[in-house]
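These notes concern the structure reproduced below.
Everything numeric here is computed off the predicted structure, so don't read it as measured data. Sequence lines set the chain letters: A, B, ... in the order given, protein chains first and strands last, and positions in each chain run from 1.
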Amino acid sequence: MLAAVLDIRSWLEEDRHTPFAERLHRDRKIGRTLNGRSAVEQVLGWWRQVLPTTAQVSTANASGTKVEHACTVSAAVLLLLGFLGGVAVSGAAFAYQGQYPVNLFTLLGVLVGLPLLFLFATLLMLLWPLHGAGGLRSALAGLNLGRWVGSWLDRALQVDLFATFQPSGAQSGFARWQLLVFSQWLAIGFFLGALVLGFLLVAFTDLAFGWSTTLDLKAERVFDWVRVAAMPWAAWLPSATPDLALVETSRYFRLEQGGMPLSRASVLGTWWPFILATVAFYGLLPRLLLMAFCYWRLRHAVRRMLLDDSEVTALLDRLNSPMVSLEGSAEEGELETPVAPLPAMPSARDYAGGATDGDAVIVVWNGAVSEETAVAWARRVLGASAHTSLSLSVLQDESEQRGLLESCRASASRILLFTKGWEPPLLEFMDFLGLLREHFGSDCSLTILPLNLQKTGVDPDDRQVWSQALGRLRDPRLYVMEAVS
Amino acid sequence: MIPTFAVVGHPNKGKSSIVATLAEDERILIGPTPGTTRSAHRHTFSIDDQPRYVLVDTPGFQRPRAVLDWLEARAGSASERPQLVARFVEEHADDPRFHDECELLRPIIEGAGILYVVDGSKPYGPEYELEMQVLRWTGRPRMALINLIGSGDYVEAWRQALDQYFSIVRVFNAVQADFSRRLALLRAFAELDENWRSALDSAVEALTAERRRRLERSAAEIADCLVACLTLTERSALGEGGAQQPMEETLTRRLQDRIRRREQDARDRVQSLYRHQALAREESASDLLATDIFTREGWELFGLSRTQLLVSGALSGAVAGGGVDVLLGGASLLLGAGIGALVGGAGAWFGSDELAKVKVLGQRLGGSVLQVGPVKAPNFPWVLLGRAVAHHGLVAEQNHARREAISLALSETQNFMGTLPDRLRRELADLFRKLSTDDADGGIQRALAMLIAEALALENDKTPAAD
């Protein structure tokens, strides 16, 4: 699962460049097939469906598989190292020269006592988060071989996964439990090595075990300890439960002269089932249990690493939330090709220079302004006196408009057309311009005066709209003028 | 039948803006040039691919007089009028003169309701009646929307005219409308036809849920950014006898750049959630969002004041210390809470000017490594959060018809973090404190996201609704 989790995370990171709507659509479609499953199952199910459709995940994929593979190899190497360590340490602890028995206190202290101490330290500092004990915890973790392996893996795989004790949420949890798993493999290897060597020594060499102390310790007290220690297996492995006689016989003093009688030496060898059982029960078994627990927590941490990733939570949202789609086809058709705007009259004053009395027809379109105002403006600003003024609008039908135009002299040389500048020129306005051309001919100058709401010069935007629209007519005698007051 | 609404009207009166707003689609072309919309575009609102309603953006009327003349010339009884309009569309389907009219009338004769859009900021003109009459001939349910494009106010005149042709008349500023107004408009659509109510109600419900989800996702993105920025570090090997100061400055700059990029990344993600991928930010001196995160000005605007920091730090410390008191069953006589408050307050007060911790770390193979970060300044998470909340507020209310860059003016923020309720501020301070320790886990990030969602909701509630 680790490989999938890592791949999913890195793939989703890249997937951020996919348009949001596309992701939404893709994921919700898959999400509907995964209803009712747990969050992790949903994500993994989604991954199974997405994976075949995406060719570009190969590189991202490789990293997850590589990390998972590296973890497996590391665990195997640690198991082997632990095994060799166990063989070496137990070889030293079982060392028997035939002069004095192997001291049970030393032997069990090395093979069981010390490892138990490490185990307790592990449980205390790593499993139980002591607030404010970060320094001590880091120091202890620094001694952890699993952490060294983690650092090496980070460097070798160029990832940042095993840098534990960083405040980085779920990833730190994963690192912690993965490194604990590594440590357990090492410890299990150690105990297996110790047990295997111990058994081989027992099988192929003669060993004698005893206990010795300077303290005033009675054999009964030692027997009590032994009995308590052997309690877990006493019922089904009585041979691994020493009796009081054996305990009493096993005490030795180095000042004893002449060594031990052979009959006693053979009795002292009967400790071995107890020793191996003690190593197995108090050394190996707790580590196996701890490893099972660590694997269980690691699995949980990997799931958390998946579910706490912000891209994954976003993915779950997309998988589970009804897809509210609001979009449509936004592509517009080809816009009309922009044309050069109409050349504007430089200014009303210039226009006024060429004006002749009585040669202008003033037309007010759609009630943009009153006829009187338009006439007065033309006279005041342009110096042009109108021989005719008329109001026309789209409310009149074409025959009415033609009738009104008939009243105008067809030989007029210029037409001033006042219109609402805030309304865009519709095609029906263009039709009307055609009607004017039809009536007055193509030599007559036609000047459009789009007004603003103050009946003066039109807004630049509106003027641009008018100029652009009228430019499409390609009429050389058509102008747009600012109605400057 | 799926409720369908044809958005029709004069050219340049904001039809596309209304569609862009309701469809949350910033790709819709909106422009001052008549003819920006050349053909009808359907925008389907669906939930899990189940269409709930359809908006049809149409070109504007170009020759309503001619259309009405054609219809009136063939007028029979009132009951025949809709068929006559259909006949008009059929007969002029290939006539370029009536291309726009056919485009806008086609969805109506196919059963769409009518949303007639006018610009209430410009005066009413009797020429509009031609369009209204043509629409009346279709016999379809009609609603008029008075859009406000400019600053003028001719709403009353429009309303009087529109009331004669439309059963429902609403003012709707397409560019300024906030989410609640968009929902209100959708609800109003249901008034056109009772059969459409259930589909539109479910659409409103889905939109509301979607809105909530977006806010929560935004909060998660902001929390993610905060956690990332609060844990970022920069390291570099420091050679034997190498000068620490220049290296420290370089690493600090690199750290700041990474934080800036991470913040921008979070902003992009939030914008993407609200379908504002193309949203630009105004790069002007007056825009507070453009203020660099590492300037004193930015910290004063978005973070907490020193006094507020002191109070938040003390409260957060007191809560942590109170835990010890609880463990001791009160035997400590609240000494834990008192000491926690003192330590928290002092840390906030004296650490407020320091940006990031600088550490020199030993290496196994000799030499040393200089590490800058993570940023420990107590105000830093508040500044980041303040900026993120302000940005979210703008994005969440940014209308899809509005194409200007987003900009945050000074009056709009006024130190928002300082206005958070005490309880929320204390809880946030507590999480910020935990984030800077080794005990941070995914649970803290989730809790942070929940609190941020609360802050975002508060900020949204404070955003003044636009008319």
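With sequence neighbours excluded, no residue forms a side chain to side chain donor-acceptor pair (under 3.5 Å) with A/Q401. Applying the side chain to side chain donor-acceptor pair (under 3.5 Å) criterion to B/E221, with sequence neighbours excluded, gives B/R269. Remark: A/R28 pairs with B/D48 by the side chain to side chain donor-acceptor pair (under 3.5 Å) rule, at least two apart or across chains.
Using a 4.0 Å cut-off between charged side-chain N and carboxylate O, B/D224 and B/R217 make no salt bridge.
In this structure, the portion of A/L24 lying under 4.5 Å from any heavy atom of chain B is its side chain and not its backbone. For chain B, no part of A/K29 is nearby; none of its heavy atoms comes within less than 4.5 Å. Contacts of A/D431 with chain B are made by side-chain atoms alone, with heavy-atom separations under 4.5 Å and no backbone atom involved.
Using a 4.5 Å cut-off between non-hydrogen atoms, the part of residues 311-320 of chain A that approaches chain B consists of A/E311, A/T313, A/A314, A/D317.
Between the side chains of A/D308 and B/Q445, not a single donor N or O lies within less than 3.5 Å of an accepting N or O. A donor-acceptor contact under 3.5 angstrom links the side chains of A/D15 and A/T18, judged on distance only.
Relative orientation of the A/W466 and A/F429 rings is perpendicular, given thresholds of 30° and 60° on the angle between their planes.
Between chain A and the options B/R52, B/K122, B/E216, heavy-atom pairs under 4.5 Å are most frequent for B/K122. The candidate from B/K13, B/R213, B/E210, B/Q50 with the greatest count of non-hydrogen atom pairs under 4.5 Å with chain A is B/R213.
Contact annotation: the side chain of A/F418 never approaches that of A/T373 to less than 4.5 Å [non-hydrogen atoms, C-beta and beyond].
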